[in-house]
Amino acid sequence: MSDALINGLAGAGGGIIAQLITYPLQTVNTRQQTERDLKKEKRKLGTIEQMCQVVKQEGWERLYGGLTPSIVGTTASQGLYYYFYQIFRNKAEIKALERQKKGIGDGSVGMLSSLIVAALSGCVNVLLTNPIWVVVTRMQTHTNILKKDHFNRLATPALEETVLSAIEPFSFSTGHAIQEVYDEAGFWGFWKGVFPTLIMVSNPAMQFMLYETMLKKLKKERSLSNPDNNGVTALEIFLLGALAKLGATVVTYPLNVVKARLQAKQVATGDRRHQYKGTIDAILKMIRYEGFYGFYKGMSTKIVQSVLAAAVLFMIKEELVKGARLLLVKDGIHTVKSKLP
C-alpha cells in the first residue's frame, strides 16, 4: 500500500469522526452565515441558545440535517485532499533533495513549497466535491418550524393534525435538495460558490503550512535535546492542529460567508438586496446593506467548530497512519520469516 493511499484513507477516517462530533455546530454556523432577517439579527442569540431553539422548534434531527451527504463529502474531500497532498508532497521532497545535491537548501520542503502543495491539493478537492457541499448547505439551512404554540390554541386534535400535515408534508431529504438546486439553476447550480471556495483553498493551505512548520520545528527541538526521541504525542498533534486551523480560519472567514450565501436557497421573490447573481454581486451587496460585520457572522461558532474538528482530524489521522505503517511492517517481517528455510 502506497504512502499516499495510507494518508488518504487515514484522512478520510479522521474527517468522518471529526464531522460527527462537530456537525451540530456546523449546522448552526451555516444558518448564522446565511441569516438575512434583520429582526432576527437584533436578538443575537448565542450558539448554545440557537442550538436549543432548533431542537425546540424543529427537533433534534435538524441539527444533523444533511449529515449523510456531509459524511460522503467529508470522506471524499479528506480522502482526495490527503491523497493528492501526499503525492505533491513527495514530489516536492524529491525536488528539495535534488536542490540540496546542487548545494541549494538543506533538503527539506520550505514554507512556500508547502503552501503550493496544499493549494494544488485543495483545488483538485474543490472542483471534484463542490456539488456535495451545495446539497449539504441546502439541507442545513432548510427549516421545518412546527409552530407548537399555535397548535396549543387549536380547537380540536383533528384540526391540529390537518395543519401539521399542511405545514410539513414531507421531510427534506438529499433527493429533495438535489432537485431544488437543479430546478433553480440547472446543472451548473451544483458549482455555485466554487469561485470563493477555490480562493478559500488558502485556508487549508495556510493550515497545513502552519501545521507542517510547527511540527518540523517541534521535532527539530526535540531531536536536539534528545537525539533518540523526536516523536510527537497525540496531544501535541491535537494542539498543533488546533493552532494551525485557528490562524487559517480567522484570515479566510469572510469568503466562507460569501460561499454559504451563494449556495443557500435563492428566494425568487422578496427583498432583492439578498438575491445574489454571483460572487462579486454578493460581496458588493453585503458591504452596502450589512457592512463589514456581515462577513463575520457566526465567526465565534465557526472558530470553535473548525478548531475542534481540525484538532480531532489531525490527531486521529496521525494515529491511523502510525497504526497502518506498523501493521505493514509487521506483515512484512512475517512474510520474510515465512519464506526463510
Side-chain angles (χ1 to χ4, degrees), residues 1-22 71-97 107-111 113-122 124-125 128-129 203-223 226 228-245 248 306-336:
M1 187 182 290
S2 68
D3 203 42
L5 185 57
I6 290 173
N7 276 271
L9 293 173
I16 290 171
I17 294 172
Q19 186 84 326
L20 289 171
I21 293 172
T22 65
I71 288 177
V72 173
T74 298
T75 305
S77 293
Q78 296 299 334
L80 286 168
Y81 186 88
Y82 280 105
Y83 179 77
F84 284 104
Y85 179 85
Q86 196 60 47
I87 288 175
F88 295 141
R89 179 84 184 180
N90 290 342
K91 290 183 178 180
E93 288 174 352
I94 291 170
K95 291 284 185 183
L97 290 173
S108 63
V109 178
M111 187 177 292
S113 295
S114 293
L115 186 62
I116 292 171
V117 164
L120 287 172
S121 307
V124 174
N125 171 36
L128 293 176
T129 62
N203 182 297
M206 276 188 237
Q207 175 187 346
F208 275 90
M209 179 189 70
L210 291 169
Y211 174 75
E212 293 284 353
T213 302
M214 290 188 292
L215 182 62
K216 185 166 70 173
K217 187 176 181 180
L218 180 62
K219 285 183 175 180
K220 186 176 180 180
E221 288 180 356
R222 187 151 295 170
S223 63
N226 185 3
D228 296 327
N229 179 28
N230 65 343
V232 183
T233 66
L235 178 59
E236 287 169 332
I237 293 290
F238 183 93
L239 294 174
L240 289 178
L243 285 171
K245 189 63 178 180
S306 294
V307 170
L308 179 59
V312 171
L313 187 153
F314 275 117
M315 182 179 68
I316 293 173
K317 181 250 181 185
E318 293 294 336
E319 292 301 306
L320 288 174
V321 169
K322 285 179 187 177
R325 286 173 177 166
L326 186 62
L327 286 173
L328 288 173
V329 169
K330 286 183 177 179
D331 186 57
I333 292 172
H334 178 73
T335 303
V336 171

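The structure displayed is predicted, hence computed values, not measured ones.
- By the side chain to side chain donor-acceptor pair (under 3.5 Å) test, Ser113 pairs with no residue at all, sequence neighbours left out.
- In this structure, Lys245 contributes its side chain and Ala309 its backbone to no donor-acceptor pair below 3.5 Å.
- Within the 4.5 Å cutoff, the side chain of Val109 has no heavy atoms near those of the Val117 side chain.
- Remark: Glu236 engages Arg222 in a salt bridge (Lys or Arg N to Asp or Glu O under 4.0 Å) (not counting sequence neighbours).
- Here the shortest heavy-atom pairing between Ser121 and Tyr85 reads OG-CA, 3.0 Å.
- Heavy-atom contacts from other residues, nucleotides or ligands closer than 6.0 Å to CZ of Phe88 number more than 12.
- With contacts defined as side-chain heavy-atom distances shorter than 4.5 Å, the pair Ile16/Leu20 qualifies.
- Contacts of Thr213 classified as side chain to side chain donor-acceptor pair (under 3.5 Å), with partners at least two apart in sequence or in another chain: none.
- In terms of the salt bridge (Lys or Arg N to Asp or Glu O under 4.0 Å) criterion, residue partners of Glu212 (sequence neighbours excluded) are, by chain and number, Arg89.
- Contact record, Tyr81 with Gly122: CE1-N, 3.5 Å, taken as the closest heavy-atom pair.
- For Lys95, the NZ atom counts as loosely surrounded, since its 6.0 Å shell holds 12 or fewer non-hydrogen atoms of other residues, nucleotides or ligands.
- Evaluation of the salt bridge (Lys or Arg N to Asp or Glu O under 4.0 Å) rule for Lys217 yields no partner, not counting sequence neighbours.
- Among pairs with a residue in residues 307-326, those fulfilling ring-ring contact (aromatic ring centres under 6.0 Å, His included) read Phe208-Phe314, Tyr211-Phe314, at least two apart in sequence or across chains.
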